[in-house]
Number of protein chains: 2
Amino acid sequence: MATERSDLAAMLGPIVRDLMAIELPILAAHEVSMWGYVVLNALDDTPVRTQSALAEAIGADKSRIIGTLDELQQAGLIERTPDPDDRRVRLLSITPQGRAMRRAVRKDIQAAELQVLDGLPAADRKTFLRLLQQLHASR
Amino acid sequence: MATERSDLAAMLGPIVRDLMAIELPILAAHEVSMWGYVVLNALDDTPVRTQSALAEAIGADKSRIIGTLDELQQAGLIERTPDPDDRRVRLLSITPQGRAMRRAVRKDIQAAELQVLDGLPAADRKTFLRLLQQLHASR
DNA sequence: TATTGTTATACTCTATAACTATA
DNA sequence: TATAGTTATAGAGTATAACAATA
C-alpha cells in the first residue's frame, strides 16, 4: 500500500510547535507579543482601514485583538486615528518605529527558524521553502 | 533583495488552521476528540509502556492526557492494565476497536485534507508531500 | 528519595454577548 | 436598524504543584 502516510496535521503540528519554541524567546527579547508581531506584519504588508478588517485578515475576532492594539499603540508601534468620514472607525497604521520593530524581529526569527528544516538536505530545503511560499501566495 | 519572504510560522499557521477546520467535523462525526485521535495514532504506531512515556511522545504533560485516556478507555478504544512488575505503572495498549477507529478516522481525514494543497500544481503537491514526510521521518 | 498516576488550583485564551457611539 | 469599537462574562485549555501509592 503506497499511500501509507501520516496526516498532514500530524506532520505539520510538531514543526509549528518547534517554531513557537524558537520564536517566543525572540519575541520576548523584543518585548512584542506573538499577536503583536502578527498585527505588525499584517499592517505592514497589506494595510487595512478598520480594526474589524484587520481582525478578519489575521483570523481573529474583533474583540480579541483590542488588548494587542492597545499595547502596540502605547509602545508607539501603531497609530489609531479617528476617521473623519465615519467617526465610528479608528484608522489603523503602522508607525516608522513599528516598521523598524517588525524588520528587527523578522531578521532574528528568520535567522533562527530554518533549523526546523535541518532534517532535509540543503537542496530539498530550498525546494520545500519555494513550494511553501508558492502555497502561501496562492491563498 | 532575494531573501524577502514570510516567516515559516506565518506560512504554516494558516495551513494548520485550515486543517483543523477540516478535521474537527470528521473527528466529531466519529465521536473522538483531537487529542484522543493523537493518542490512538501514537499507540498504534509506536507502542509505549507508561502514560508518562505517551505524554512525552505527543508533547503533552502527563497530567493533561488523563481525561483523554479515561474517555478512550471508556469507549473501549484503549486498555490500561496494571503492570505486575511495577504496580505504579498502568500499561497502555490500543484495542482492535481502537485500531479500527484510527483507520476509519484516518481514511476520512486523508481523503479531505489534501485540499489545503490545492494552490499547488499536482506535481508540486507530490513533491511537497514527499519532502514533508521526509522531514517528519527525520525527527 | 524518586517515580507513576492522579487531583486540585490558578492562570491564560478565547468565544459570546452585551453596551456606546455613531451611521 | 445596522455597524465599529469596547467591555464583561463565562468557558475551555493548560501549566503547576501537591498528593497517594509504589519503587
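Letters A, B, ... are given to chains in the order of the sequence lines, protein chains preceding strands, and every chain is numbered from 1. Keep in mind that this is a model prediction, so the values were computed, not measured.
One finds a side-chain N or O of Arg80(A) lying less than 4.0 angstrom from the OP1 or OP2 phosphate oxygen of dT6(D).
Open room surrounds CD on Glu56(A); 12 or fewer heavy atoms of other groups in view lie less than 6.0 Å from it.
Between Met20(A) atom CE and dT14(D) atom P the separation is 15 Å, expressed in whole Å. Put simply, CG on Leu69(A) is 12 Å from P on dT7(D), counting in whole angstrom units. Rounded to a whole Å, the CD1 atom of Ile66(B) is 14 Å from the P atom of dT14(D). Per the geometry, CG belonging to Leu92(A) stands 14 Å off C1' belonging to dT6(D), to the nearest Å. Rounded to whole Å, atom C1' of dT6(D) lies 12 Å from atom CD1 of Ile65(A).
Using modelled atom types, one finds no donor on one side chain facing an acceptor on the other under 3.5 Å when comparing Gln133(B) with Arg5(A).
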Query raised in the report: Tell me, for nucleotides 12-23 of chain C in 5' to 3' order, what letter each nucleotide earns: B for a base near a protein heavy atom under 4.0 Å, S for only sugar-phosphate near one, - for neither?
Result: --SSB-----BS
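In plain terms, the two heavy atoms of Tyr37(A) and Val105(A) that are nearest each other are CE1-CG1, 3.5 Å. Residue Ser6(A) comes nearest to Glu113(B) through the heavy atom pair O-OE2, 4.5 Å, listed as atom of the first residue, atom of the second, then distance.
Hydrophobic cluster membership differs between Leu91(B) and Leu77(B), with clusters built from Ile, Leu, Val, Met, Phe, Trp and Tyr side chains linked at under 4.5 angstrom. Side-chain heavy atoms closer than 4.5 Å link hydrophobic residues (I, L, V, M, F, W, Y) into clusters, and following such links, possibly through other members, connects Trp35(A) to Val16(B). Cluster annotation: Ile94(A) and Val89(A) are assigned to distinct hydrophobic clusters (Ile/Leu/Val/Met/Phe/Trp/Tyr, side-chain heavy-atom contacts under 4.5 Å, transitive). Residues Leu24(A) and Met101(A) are members of one and the same hydrophobic cluster, defined by side-chain heavy-atom contacts under 4.5 angstrom among Ile, Leu, Val, Met, Phe, Trp and Tyr.
Remark: Thr50(B), Gln51(B), Ser52(B) in residues 39-58 of chain B come within less than 4.0 Å of DNA chain C through at least one heavy atom.
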